[in-house]
Amino acid sequence: MSQRQPSHPGILEVVTKPGAFASYAIAKRVFAPGETIAVLKTPPLLYVDAATYTSVQVGPGGSDNVELNSDFQYINHSCDPNLEFHVKNNSQGGSTAERPAGEQSSQDVTIYIRVVRREDDHGNVVGIKADELLTFFYPSTEYNMVQAFDCLCKSSKCLGKIRGAKYLPAEMVFGKDRFFNEHILYLKAEEQGTSH
């Protein structure tokens with residue numbers, strides 16, 4: 001599926017830079033804390049047979065991955081992000097991996113892209129400013145990433161090597177300091193031998 005740019009004018013702008021993984025997205029306007037800035041369905045979401053560097057994991061199964069096919073694929077990682085990708089799996093009967101391939105439909109999933117409620121140095125709740133770099137915490141959707149990388153966010157919360165939630169301590173995944181999607185909580189609980 002080819003992507004027409006810009007896919008979400010007025011919301012974000014892609015800044016194209018030469019080199020691998022150098023491009024990024026910035027906000028085109030101010031967004032309030034907790035605001036949903038986009039709701040992604042099909043199109044542009046498209047299920048893929050296996051995870052890729054650009055896909056987003058939307059469920060616990062091996063084939064529960066979608067390509068965003070929009071400018072939102074340029075939202076880079078940060079350990080202290082300003083966006084959250086909230087995955088809502090609308091399918092009945094669990095993971096898409098449990099259904100025959102012909103029944104897999106990206107209409108079964110919706111991704112709500114929301115502004116994180118953050119505090120500035122003075123304790124004021126802040127949103128996103130116009131022209132601010134847009135980021136989300138990749139392990140919030142990714143359990144075992146196809147391609148690990150060294151984080152460059154330089155935040156005080158930086159975790160260094162980013163490989164997915166599988167490699168994070170259970171206390172972090174089940175804690176209140178970071179947002180994780182239900183499929184990540186499920187997979188981490190399964191790994192720990194508990195239900196959460």
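FYI, side chains are in, hydrogens and waters are out, and symmetry mates aren't considered; it's all heavy atoms of this structure.
- Of all heavy-atom pairs between K157 and D80, the closest is NZ-OD1, 3.7 Å.
- Between I162 and C79 there is a side-chain heavy-atom pair separated by less than 4.5 Å.
- Listed by chain and number, the residues in a side-chain hydrogen bond (donor to acceptor under 3.5 Å, both in side chains) with D131 amount to none (sequence neighbours excluded).
- Residues V115 and N82 fail the side-chain proximity criterion, which asks for heavy atoms closer than 4.5 Å.
- A 4.5 Å side-chain heavy-atom check between V173 and E191 finds every atom pair outside the cut-off.
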request  = Could you please spell out the steps behind the salt bridge (charged side-chain N to carboxylate O under 4.0 Å, His left out) verdict for K28 and E13?
outcome  = CA-CA 6 Å; K28 288 302 294 171; E13 176 183 336; 3.0 Å; yes

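- In this structure the side chain of L168 reaches within 4.5 angstrom of the side chain of P139, judged on heavy atoms.
- Counting heavy atoms from C-beta on, the side chains of S70 and H8 come closer than 4.5 Å.
- L45 has its side chain within reach of L68: a pair of non-hydrogen atoms, C-beta onward, lies under 4.5 Å apart.
- Side-chain contact between I111 and T141 is absent, with no heavy atoms from C-beta onward closer than 4.5 Å.
- Among pairs with a residue in residues 131-156, those fulfilling ring-ring contact (aromatic ring centres under 6.0 Å, His included) read H77-F137, H77-Y138, H77-F149, F85-F136, F136-Y138, F137-F180, Y138-F149, at least two apart in sequence or across chains.
- Residues N65 and T52 form no side-chain contact, since every pair of their non-hydrogen atoms from C-beta on lies 4.5 Å or further apart.
- The side chain to side chain contact (heavy atoms under 4.5 Å, CB included) check on D177 picks up nothing, with sequence neighbours excluded.
- Residue R118 comes nearest to P81 through the heavy atom pair CD-O, 3.6 Å, listed as atom of the first residue, atom of the second, then distance.
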